[in-house]
Amino acid sequence: MPIDSASELLSVFGRMHPLILHLPIGILIGLVMLECVNTLRRQPVAPAFLVFFASVSACLAAASGVVLHNDPSYSASEVLKLHEQLGIATAACSIVVFLLRIFGARTMYRWALALTVIVMIPTGHFGAEMTHGKGFLFKPLVEPKESMSANQTTPEGGSLILASYELHIQHFFEAKCNMCHGDRKVKGGLRTDSPEALLAGGDGGPAIETGISPEDQELLHRILLPIDDDDHMPPDHKAQPSELEIQLIRAWLAAGAPFENEFELAEGAKLPLPTNPANESEGATDPEEESAAHAAPEAALSAMRKHLVHVQPVEVGSKMLWVDFAAPANTTDDAIVLELITPTIKWISDLSLARTQITDASVEIISTIPALVRLDLRETRVTTSGLAYLAGHDHLRELIVSRTHLNDAVIETLGQLPALERLWIWDAGITTEGLATLRKAMPEVHIDAGDVGISVALETEETPKLTNDASQVDPALDPETNSLTTQNPVNSICLVSGNVIDPQFNLLHDGKVIGFCCPNCPKTFQANPAKFLAKLETENDG
Amino acid sequence: MTDPHTNDPLRERELLLTRRRFFRKAGATLSTGLGALAMQSLLGRELGANPATLAGLPNKAGAMGSSALPLGPHFKPKAKRVIYMHMEGAPSHLDLYDYKPGLRQRFDQDLPDSIRDGQRLTGMTSGQARFPVAPSIFQFSRYENNQNGLWLSELLPHTGSVAKEICMINSMHTEAINHEPAITFFQTGNQQPGRPSFGSWMSYGLGSANANLPTFVVMITQGTGNMQALSARFWGSGFLPSEHQGCKMRAGGDPVLYLSDPDGVTREDRRRMLDLVGELNEREYERSLDPEVQARISQYEMAYRMQMSVPELTDFSDEDEATLEMYGPDVKKPGSYASNCLMARRLAERGVRFIQLYMRGWDQLGNLPNELRAQAGTVDQPQAALIKDLKRRGLLDDTLVLWAGEFGRTVYSQGQLTKTNYGRDHHPRAFSVWAAGGGMNPGISFGKTDDFGYNIVENPVSVHDLHATLLHCLGFDHERLGYRHQGRDMRLTDVFGDVRKELLA
């Protein structure tokens with residue numbers, strides 16, 4: 001095999017990491033045991049060459065690890081970072097141990113050795129977690145509970161369990177494969193999101209072949225490879241299939257990979273539990289009802305908040321969300337919208353992307369938000385073809401597209417929003433004629449294009465003339481009528497309240513002086529004099 | 001005691017101690033340097049995070065009890081934010097909003113005692129021998145609204161053009177007769193200083209919708225007339241945690257004081273300094289458990305983010321000419337009412353919850369016609385432009401706009417009355433305010449005063465009623481938005497207030 005450059009050799013060295021790393025583990029632990037025995041028996045310390053080997057192997061393990069880190073198949077994760085830092089620390093400690101062995105005191109050397117092993121243990125643990133998956137170590141302790149819950153959902157004792165591509169296999173691909181072999185990414189030229197694509201295979205040949213054993217078929221072969229094998233699928237930093245899922249795939253391939261018919265699982269096998277509940281809702285009809293069952297994932301909300309996006313339930317107790325990108329408007333583009341919106345898509349009801357840097361691509365994502373009621377796209381680069389993605393959305397009630405870049409062709413899309421009630425479309429590139437057509441086409445929709453609701457003066461009074469004309473004055477409130485206080489009223493009790501009258505509130509009505517008890521009753525009286533005068537007659541009759 | 005509305009100080013302290021114990025334990029377990037590092041990064045992340053983003057979900061603020069606790073609305077709100085234009089000095093309702101044509105025939109007549117009905121007088125008119133009626137000399141027009149029209153004075157032609165959005169209340173009344181207590185009452189629900197202002201209650205209740213900007217911003221315009229003192233406590237947070245007090249944006253120099261870094265200090269330097277100070281503050285908080293320390297930490301972080309967000313906010317260069325023209329010629333003059341109205345819109349679209357504009361100089365005790373003409377001329381065009389601008393951007397629906405002074409003015413003249421000049425004294429018994437958008441009933445007039453514009457004869461609305469109604473639009477039951485202080489659950493509406501359903505859309 002010709003070697004092109006030193007970097008390829010280096011990468012081979014990196015891939016030797018899984019081999020090299022076991023050397024320092026063995027030697028260091030061996031050294032510790034040796035030193036324990038030496039201490040108890042009061043014998044001299046271990047030979048320096050052993051310590052030297054320990055140190056060198058630790059350094060090599062660390063170095064190969066660092067090289068391997070640069071390999072593109074590894075994605076940066078917290079665990080990887082932690083493992084790498086601890087590994088380097090182990091190597092550094094081992095050098096110190098060696099130096100102390102040569103130059104230092106015996107006790108110091110032994111303590112340093114102990115410390116090195118203490119640092120090495122978590123290094124190894126995190127390393128194992130990367131290759132075997134999180135929680136690998138304690139899985140046997142947790143496993144029995146899982147299988148118990150599985151038993152509850154699958155028929156017990158039934159010898160024959162049927163599965164199908166549509167109900168089971170498809171879910172497996174959605175949960176474990178389609179992220180990289182689907183419509184978003186097509187790694188290795190393979191797609192696993194449809195029967196045709198699966199049969200077509202990828203760059204490395206067919207994934208499924210009939211007539212050979214399941215284990216020899218590329219699909220299962222890759223899954224069954226050791227996790228640290230480069231060809232292992234799914235990649236080691238991704239979620240791994242469970243034992244039940246592997247059994248399911250094996251049974252499916254053994255049955256000739258049927259896409260239509262059901263197939264039998266092996267004796268004693270169980271159906272795996274659904275792994276990704278998000279995929280269960282594909283066929284759900286009422287998104288609000290669906291999302292009422294569980295709240296938006298907290299991790300997705302934290303991601304939004306970390307990005308300074310405002311997220312808040314639309315009302316107390318609701319799981320539906322108001323999401324507003326006002327704070328990060330300048331830095332929000334399509335990629336961020338895709339990343340932040342996608343995990344919460346079922347819970348968004350009120351979304352504002354006003355003044356962000358998004359384009360039509362985001363509207364495509366937005367159009368898949370099932371329960372969206374209010375959408376604000378004001379002052380974005382969204383165009384008519386972007387809005388077209390929204391056509392047919394049957395929950396959208398309020399749409400703000402003021403200051404977007406539309407043209408009259410958008411009328412067609414807007415006509416396909418059956419729930420639309422209010423539309424703001426000011427300065428969005430619509431012509432006057434287009435606006436008129438729009439209003440005619442959707443008379444029941446309130447359309448604000450910055451041209452509605454302006455009030456005009458219906459009338460203006462004449463230039464005010466200030467006079468002191470008593471004849472115009474309301475007698476009830478006029479000080480002139482105070483002279484009435486000296487006259488005798490026709491009634492003795494107030495017609496309004498029934499209380500004793502007070503002469504200072506006397507009032508002249510139709511030539512009669514009428515008495516009242518307080519300043520408010522005359523006003524009540526004047527509102528309907530006939531009603532109260534009728535009372536006066538009754539009083540006089542009685 | 002799980003109800004966050006009852007802020008029991010003992011329970012709060014208990015929660016704080018629990019948290020402290022947790023971290024101490026965590027510190028002991030993770031004895032390696034890594035553990036300490038992890039803890040530090042955890043703390044750092046929490047400090048950087050906005051504590052007020054997701055109401056109702058437990059977060060750090062929730063665990064801390066009083067500090068930065070966002071309650072979230074009690075029910076689905078119509079309004080997400082408020083723009084409150086306060087006309088300091090009290091504009092004359094009789095010359096602007098409360099049309100009394102009958103008074104024109106009563107020029108210089110004495111105000112009947114039955115009308116004044118024992119109303120106490122200010123020291124400025126208590127010595128006057130008589131109280132001559134001063135009809136408004138301004139011509140009124142009736143503007144189309146959703147009822148039978150809104151009468152407005154010739155001083156407000158632009159405001160007339162948005163009459164269909166205005167919910168006019170002609171029957172406001174207040175308790176105080178002097179500016180200081182009346183403004184305090186209007187802002188805090190109490191005449192005595194010391195309660196949190198409306199904006200602070202909203203900051204506390206709604207939380208931030210933009211972690212880059214303060215929740216409650218105050219801007220002041222110097223008017224033309226007699227200006228009363230405007231104390232910073234009008235936007236103070238009272239007993240609420242101090243991060244809820246209004247942030248005053250200034251007209252000249254730095255809009256927010258001390259926001260630019262000194263020469264030679266880079267942003268990285270600032271970050272490192274804040275990290276260190278934050279660490280020391282965190283240590284101090286662990287020692288004293290004083291929530292004010294947390295407030296200080298979050299304010300420092302806010303200021304750091306505002307260093308980036310405020311210059312962008314205050315730069316009007318992205319506004320087009322037509323918009324600038326709409327707000328009027330003063331719009332480019334920082335601190336002018338026009339400029340502040342445009343700024344209010346910019347703050348509203350950036351998610352600031354409570355924006356308060358103070359316009360000073362409405363105290364026309366004498367020379368009212370000239371002074372009011374100038375004063376109203378300054379506010380008319382910009383405030384109408386603000387309504388129109390919010391409306392066409394789809395923001396008026398969820399932005400509650402309030403225009404109010406602290407009381408009204410008397411129908412009788414203070415000082416010399418002539419056919420061209422008069423003054424008016426303070427009048428708490430009846431005055432007019434208006435609201436727009438945010439769930440308020442558009443295009444209506446509510447309440448009536450008598451023929452003198454002196455007493456309310458129909459549908460009186462108290463300041464507490466107004467507060468309760470506005471809180472309703474913002475999704476709060478005013479009886480449940482409370483904060484325990486000195487052993488009592490305090491409210492913006494104290495123990496009063498009714499939601500006036502007639503005012504709601």
Side-chain angles (χ1 to χ4, degrees), chain A residues 82 85-86 298 301-302 304-306 308-318 322 324 326-330 354-355 376 378-379 398 400 402-403 422 424 426-427 448-450 453-470 472-474 477-479 505 519 523, chain B residues 34 49-50 53-57 72-77 101-102 104-110 112 114-115 117 135-145 149-150 160-165 207-213 309 312 349-351 388 391-394 397 419 450-452 457 475:
Chain A
L82 215 53
Q85 286 168 353
L86 285 166
E298 186 54 38
L301 301 183
S302 310
M304 283 196 181
R305 276 174 276 164
K306 204 172 157 196
L308 299 183
V309 177
H310 180 67
V311 197
Q312 184 184 318
V314 289
E315 65 187 301
V316 170
S318 171
W322 165 35
D324 197 324
N330 289 339
R355 304 172 55 255
D376 191 346
R378 171 171 43 92
E379 285 182 55
E398 298 187 0
I400 304 171
S402 290
R403 296 220 143 160
R422 314 199 65 182
W424 286 267
W426 165 65
D427 196 18
D448 191 333
I454 304 299
S455 303
V456 292
L458 300 167
E459 62 177 308
T460 299
E461 65 171 345
E462 285 173 22
T463 313
K465 287 196 189 75
L466 308 186
T467 61
N468 189 349
D469 182 357
Q472 296 291 317
V473 168
D474 183 345
L477 303 170
D478 195 276
F505 304 118
K523 288 178 225 157
Chain B
L34 265 164
N50 168 25
T53 37
L54 200 71
L57 289 182
H74 298 132
F75 42 84
K76 191 168 189 170
R104 301 270 167 64
Q105 282 84 44
R106 289 179 173 275
F107 175 73
D108 205 20
Q109 287 179 3
D110 286 325
S114 60
I115 296 297
D117 195 24
S136 177
I137 62 162
F138 297 109
Q139 199 175 14
F140 276 65
S141 297
R142 187 164 66 95
Y143 290 90
E144 198 185 353
N145 70 354
L150 174 67
S161 70
V162 292
K164 279 184 191 165
E165 305 301 331
S208 168
N210 182 341
N212 285 337
L213 288 170
S309 58
E312 186 263 344
E349 65 187 357
R350 280 162 179 77
K388 289 177 192 163
K391 184 167 146 53
R392 65 190 188 177
R393 283 166 203 266
D397 261 29
K419 290 212 172 176
D450 61 19
D451 289 350
F452 293 88
V457 295

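To find a chain, count down the sequence lines: A is the first, B the second, and so on, and within it residues start at 1. This one's a predicted model, so the numbers in the text were calculated from it and none came from an experiment.
- The backbone N or O of B/Glu144 sits less than 3.5 Å from a side-chain atom of A/Ser455, completing a donor-acceptor pair.
- Contacts between B/Asp397 and chain A at a heavy-atom distance below 4.5 Å involve the side chain alone, from C-beta outward.
- A/Asp448 pairs with exactly one of B/Arg393, B/Lys391, B/Arg392 by the side chain to side chain donor-acceptor pair (under 3.5 Å) rule, that one being B/Lys391.
- There is no contact between A/Asp427 and chain B, counting heavy-atom distances below 4.5 Å.
- Between A/Asn468 and B/Gln109, the side chains place a donor N or O and an acceptor N or O closer than 3.5 Å (distance only, hydrogens not considered).
- Across B/Arg350, B/Lys76, B/Arg142, B/Glu349, the residue that shares the most heavy-atom pairs under 4.5 angstrom with chain A is B/Arg142.
- Residue B/Pro77 comes nearest to A/Val314 through the heavy atom pair CD-O, 3.7 Å, listed as atom of the first residue, atom of the second, then distance.
- For the atom pair OG1 (A/Thr460) and CZ (B/Phe140), the distance works out to 12.0 Å, reported to the nearest 0.5 Å.
- With a 4.5 angstrom heavy-atom cutoff, B/Ser136 touches chain A only via backbone atoms.
- Heavy atoms closer than 4.5 Å to chain A are found in both the backbone and the side chain of B/Lys419.
- With a 4.5 angstrom heavy-atom cutoff, A/Ala457 touches chain B via backbone and side-chain atoms both.
- Contact of the A/Leu466 side chain with the B/Arg106 side chain is not registered, since no non-hydrogen atoms from C-beta on lie closer than 4.5 Å.
- Considering only heavy atoms from C-beta on, B/Asn210 stays 4.5 Å or farther from A/His310 through its side chain.
- In summary, B/Arg104 and A/Glu461 engage in a salt bridge, as defined by a charged side-chain N under 4.0 Å from a carboxylate O.
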